[in-house]
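One structure is given below, encoded as structure tokens.
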2 protein chains.
Amino acid sequence: MMKEESMTTTVDSIASECLAVRIRLLNRTITGIFDEALRPLGVKISQLNVLMVVAKRGLVSPGDVARRLNMEKSTLSRNVERLRTREWLRVSDGESGRKQVLELTAKGLRLIEKSWPHWKKAQAETEALLGQQGARSILRAANTVWAQLGRD
Amino acid sequence: MMKEESMTTTVDSIASECLAVRIRLLNRTITGIFDEALRPLGVKISQLNVLMVVAKRGLVSPGDVARRLNMEKSTLSRNVERLRTREWLRVSDGESGRKQVLELTAKGLRLIEKSWPHWKKAQAETEALLGQQGARSILRAANTVWAQLGRD
DNA sequence: GCTCCTGTGTTGTATATACAACATACCCGC
DNA sequence: GCGGGTATGTTGTATATACAACACAGGAGC
């Protein structure tokens, strides 16, 4: 058993430094800001994120999207299923029969168009919350992660 | 219908600036690092986060913990249920009958002790991923959020 | 051509999360 | 003391997430 004094040190260290509790707090807070802004459209930011990857990259496979977002393929599989149900994207079998191909529908495109002002509002609100410097730090940190994912 | 050109602008803006997709990417990545490190102990970082708040603050109510983590009370209710099942914390009715009181068990304390080296490893790995500057930025951003939560 | 290995996607299970609706308990003003 | 408003916690429902196990398709080596 650890000494009482050491125990306190352990708790204090984790409490005052833990990166996980902090990133998770930021995630809940910021996701909430965007979800609230998008609520009138009936879409969540998690879903719009997937649609944006497909919009940006054109014809991609589910695996490509999952890698880009550093997300489990099984997670993405179910997310895609829901987006397909709402007819925001289409899934077809690739020529080789192995990979599937994702593609935005016209309805999906319209959704992105309509999302713009709501997204903008949430983005501004988040910048106000974090401050300009904080916001830029998040962008930089994400770029670092993307760079390292690419290398693997 | 928006013009094709404007549509491209919309997609590019969101794709290149969106804070939500980035914080969510960081959340998945970092949560994964900590969960993997803690797997030998059979605890997840989300659960350790809750236990740490209780350890740090002593006798707290579920509502207090939820506010501190900016989490829905209903979410915390179910998390506590699982922690109670594993006997890492105890729930008792407060004197006033209204608020409940959470308290770590001896088993919960031992879990935190045993977690220390695994947490330390994950924290170091995360710092290596983000860089010192990136890691510090996350700490600062979280402090900003906590400050604003406190004001509300 | 067969075999094995790898990449791709799905399904089973558990957890984390939020919102809405609800039941209570408390407190404040009167 | 009473009534209404508010704080507290639970439950129903939907989504997001991961891990493990699986099915299957393609290719590489022989």
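Everything numeric in this text was worked out from a predicted model, so none of it was measured. Values below: all heavy atoms of this structure, side chains included; hydrogens, waters and symmetry mates excluded. In the text below, chain A, chain B and the rest are named by the order of the sequence lines, each starting its count at 1.
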Problem set entry | No-H, no-angle donor-acceptor pair, A/R78 side chain to C/dG12 base, under 3.5 Å | yes

For this session: Compare all side-chain heavy atoms of B/M52 with those of B/I112 and state whether any distance is below 4.5 angstrom.
Result: yes

For this session: Let me know the distance between CG of B/L76 and C1' of C/dC19, rounded to the nearest Å.
Result: 16 Å

Exercise. A/R28 side chain: which of C/dG9, C/dA18, D/dT17 is closest?
Worked result: C/dA18

Exercise. Counting just side-chain N and O atoms, does B/S74 come under 4.0 Å of either OP1 or OP2 of C/dA18?
Worked result: no

Exercise. Is there a side-chain polar atom (N or O) of B/R24 under 4.0 Å from OP1 or OP2 of D/dA16?
Worked result: no

For this session: Could you tell me whether the side chains of B/R140 and B/N143 share a donor-acceptor contact shorter than 3.5 Å?
Result: no

For this session: Give a yes or no on whether A/E36 atom CD has more than 12 heavy-atom contacts from other residues, nucleotides or ligands under 6.0 Å away.
Result: no

For this session: Round to the nearest Å and state the distance from A/L102 atom CG to C/dT8 atom P.
Result: 13 Å

For this session: Determine the contact category for A/K73: base if any of its heavy atoms lies under 4.0 Å from a base atom, sugar-phosphate if only primed atoms, P, OP1 or OP2 are that close, otherwise nothing.
Result: base

Exercise. Is there side-chain contact between A/I30 and A/I45, with at least one heavy-atom pair below 4.5 Å?
Worked result: no

Exercise. In whole angstroms, how far is the P atom of D/dT11 from the CD atom of B/E81?
Worked result: 7 Å

Exercise. Which of residues 36-54 of chain A have a heavy atom under 4.0 Å from DNA chain D?
Worked result: A/K44, A/S46, A/Q47

Exercise. When we call it a touch if two heavy atoms are under 4.0 Å apart, what does B/T31 touch: a base, just sugar-phosphate, or nothing?
Worked result: nothing

For this session: Look at the side chain of B/R98 and decide which nucleotide, out of C/dT17, D/dT8, D/dT10, has an atom nearest to it.
Result: D/dT8

Exercise. Nearest of C/dA16, D/dG9, D/dT17 to any side-chain atom of B/N79?
Worked result: C/dA16

For this session: Round to a whole Å and report the spacing from CG of B/D93 to C1' of C/dA23.
Result: 15 Å

Exercise. Does NZ or CZ of B/R68 come closer than 6.0 Å to the centre of the six-membered ring of B/W146, within 45° of the ring's axis?
Worked result: yes

For this session: Please answer whether the main-chain N or O of A/Q47 pairs with a side-chain N or O of A/N79 as donor and acceptor at a distance below 3.5 Å.
Result: no

Problem set entry | Separation of D/dA14 C1' from A/D35 CG (nearest whole Å) | 12 Å

Exercise. So among A/K44, A/E125, A/Q123, which one has a side-chain contact (heavy atoms from CB on, under 4.5 Å) with A/F34?
Worked result: A/Q123

Exercise. A/R82 CZ to C/dT17 P: how many Å, rounded?
Worked result: 17 Å

Exercise. Once you round it to whole Å, what is the distance between C1' of C/dT10 and CD of A/E72?
Worked result: 13 Å

Exercise. Any chance the side chains of B/T31 and B/N27 put a donor and an acceptor closer than 3.5 Å?
Worked result: yes

Exercise. Which of these nucleotides, D/dT8, D/dG9, D/dT17, is closest to any side-chain atom of B/R67?
Worked result: D/dT8

Problem set entry | Residue A/T75, side-chain atoms from C-beta onward, closest of D/dA16, C/dG9, D/dG9 | D/dA16

Exercise. Between C/dT8 atom C1' and A/M71 atom CE, what is the distance in whole Å?
Worked result: 17 Å

